[in-house]
Amino acid sequence: MDRKDLIRRYLDAETTPAQERELAASFAAAPPADEEEQAVYRLLQAVTPLPTEPLPEEGATFDRMVRQARMRTIRRWSLAFSGATAILAAVVFLTRKPVVPEPEVTDTVELLQRLQLISNLDPSDAESYDFKPVGDGFIMTARFRDGSEASYILAPIDGGQSFHLVSLND
Amino acid sequence: MDERLEIELAALRPKVLSLARKFFRSSGLDSDPEDVVQDVLLRLWEARRQGTEIGNAEAWAVATTKNCCISAWRKARRGTLLPLRDETVAGYTPAGSLEEAEAAASVARALEKIPPGTRHLLQLRAKGLSLDEMALVTGRPKGSLKSSISAARKEMLKMIKTQ
């Protein structure tokens, strides 16, 4: 292939790297014949290979930077998650149905002592006591030694600190 | 092109790109991870051409990608620009006359007017990469590379003639 053909193919980017080296070598052997060839010769000389810079060993720096970025992301997400949880908790708290506290008195002896204070009932007169939860309070049925029974409604006041006593007997 | 090298370049490209993207996202660096990919694959191409012994190509590519990423990050922080003017005319050595010095300067000016991406292609080509190899390194189709290189050469030739 003569130089004119090589130049045409070079400008159309159809030459191989080997053919481009051949073209450059041809100018070294025979100087450019005309203005066109002179311009191509300059063009060939102008574009030099991309320099390859030496690389320092930076693997540890890379790993550290990526790790730090990951930690930042985790912290950011944790913060966002905590915030969302707090907001959700606040919404649940503000919109929840009020819960009526259960009477806290579960100790029968204590209950009977209180009962004695507000009535003339003597706990020692009864053979047994039966407590049936009803609503917030209890129905208490006392069975006496003589076989008779007496029932009372115990309704808690102040969260179970004290009681209303209503007799269900005649 | 060496078939083994072709397979290697094609196989490593996604991994290198993924690693570079991950780093650029992490560091907040506003650069194109493709630049790192090209740098790494070009280094692999050179190493293979020079017959450098590379045991595990993937491990080598990962280590080189990390180094290239940090290098790009440091350059961005320093605001360093590539010394294109000096490097691109380095191969032209005028005999010393004023006329020849002016001719060299005009060629340098012509090269500077070429868009950086296209100039980069010309420099890759000057390294001796075939179109197939360039397509693998840059991730661009061969036809597109060919037309870009041809247009850049013709444009430069026009500028050199008119200056």
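The sequence lines fix the lettering, A, B, ..., with proteins before strands; numbering per chain opens at 1.
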Completion exercise
Greatest number of non-hydrogen atom pairs under 4.5 angstrom with chain B, of A:V40, A:L43, A:T73, falls to A:L43
Exercise for the section: Treat each ILVMFWY residue as a node, draw an edge where side-chain heavy atoms are under 4.5 Å apart, and state whether A:L55 and B:F23 are in one component. Expected result: no
Problem - pair B:R153-A:V47: side-chain heavy atoms closer than 4.5 Å - result: no
Practice task
With a 4.5 Å heavy-atom cut-off (strictly below), which parts of residues 74-89 of chain A touch chain B? List them by number.
Solution key: none
Exercise for the section: State the SG-CZ distance between B:C68 and A:F62, to the nearest 0.5 angstrom. Expected result: 10.5 Å
Exercise for the section: Could you grab the distance from atom CZ of B:R74 to atom OG1 of A:T61, nearest 0.5 Å is fine? Expected result: 5.5 Å
Handout entry: Hydrophobic cluster membership, A:F138 vs A:Y129, 4.5 Å side-chain cutoff
Key = yes
Exercise for the section: Any chance you could measure A:T52, atom OG1, to B:R43, atom CZ, to the nearest 0.5 Å? Expected result: 6.0 Å
Handout entry: Portion of A:Q68 that has a non-hydrogen atom of chain B nearer than 4.5 angstrom
Key = neither
Practice task
Heavy-atom distances under 4.5 Å only: say whether B:L129 touches chain A with side chain, backbone, both or neither.
Solution key: backbone
Completion exercise
Taking a cut-off of under 4.5 angstrom between non-hydrogen atoms, the residues of residues 154-162 of chain B near chain A are B:K154, B:M156, B:L157, B:I160, B:K161
Exercise for the section: Classify the side-chain pair A:E53/B:S71 by whether it contains a donor and acceptor separated by less than 3.5 Å. Expected result: no
Problem - Proximal to chain B - members of residues 23-31 of chain A, heavy-atom separation under 4.5 Å - result: none
Handout entry: Inter-residue atom distance A:E58.CD - B:W73.CH2, 0.5 Å rounding
Key = 9.0 Å
Practice task
Give the minimum heavy-atom separation between B:A126 and A:T48, together with the two atoms involved.
Solution key: CB-C, 3.8 Å
Exercise for the section: Would you mind reporting whether A:T16 and B:S130 have side-chain heavy atoms less than 4.5 Å apart? Expected result: no
Practice task
Tell me, please, which residues at least two apart from A:S128 pass side-chain contact (heavy atoms from CB on, under 4.5 Å).
Solution key: A:R143
Handout entry: B:N67 side-chain N/O to A:E57 backbone N/O, donor-acceptor pair under 3.5 Å
Key = no
Practice task
Quick one: pull up CD1 in B:I149 and OG1 in A:T15 and give me the separation to the nearest 0.5 Å.
Solution key: 9.0 Å
Problem - Other residues, nucleotides, ligands: >12 heavy atoms within 6.0 Å of B:R21 CZ - result: no
Exercise for the section: Give a yes or no on whether A:D2 atom CG has more than 12 heavy-atom contacts from other residues, nucleotides or ligands under 6.0 Å away. Expected result: yes
Practice task
Could you look at B:S147 and say if it's the side chain, the backbone, both or neither that has a heavy atom under 4.5 Å from chain A?
Solution key: neither
Fill in the blank from the handout: If one checks every heavy atom of B:I114 against chain A at 4.5 Å, the contacting part turns out to be neither
Completion exercise
Between A:P17 and B:G128 the two heavy atoms that sit nearest each other are CG-O, 3.5 Å
Practice task
Mind ranking B:L124, B:T65, B:I70, B:L122 by heavy-atom pairs under 4.5 Å with chain A and telling me who comes out on top?
Solution key: B:I70
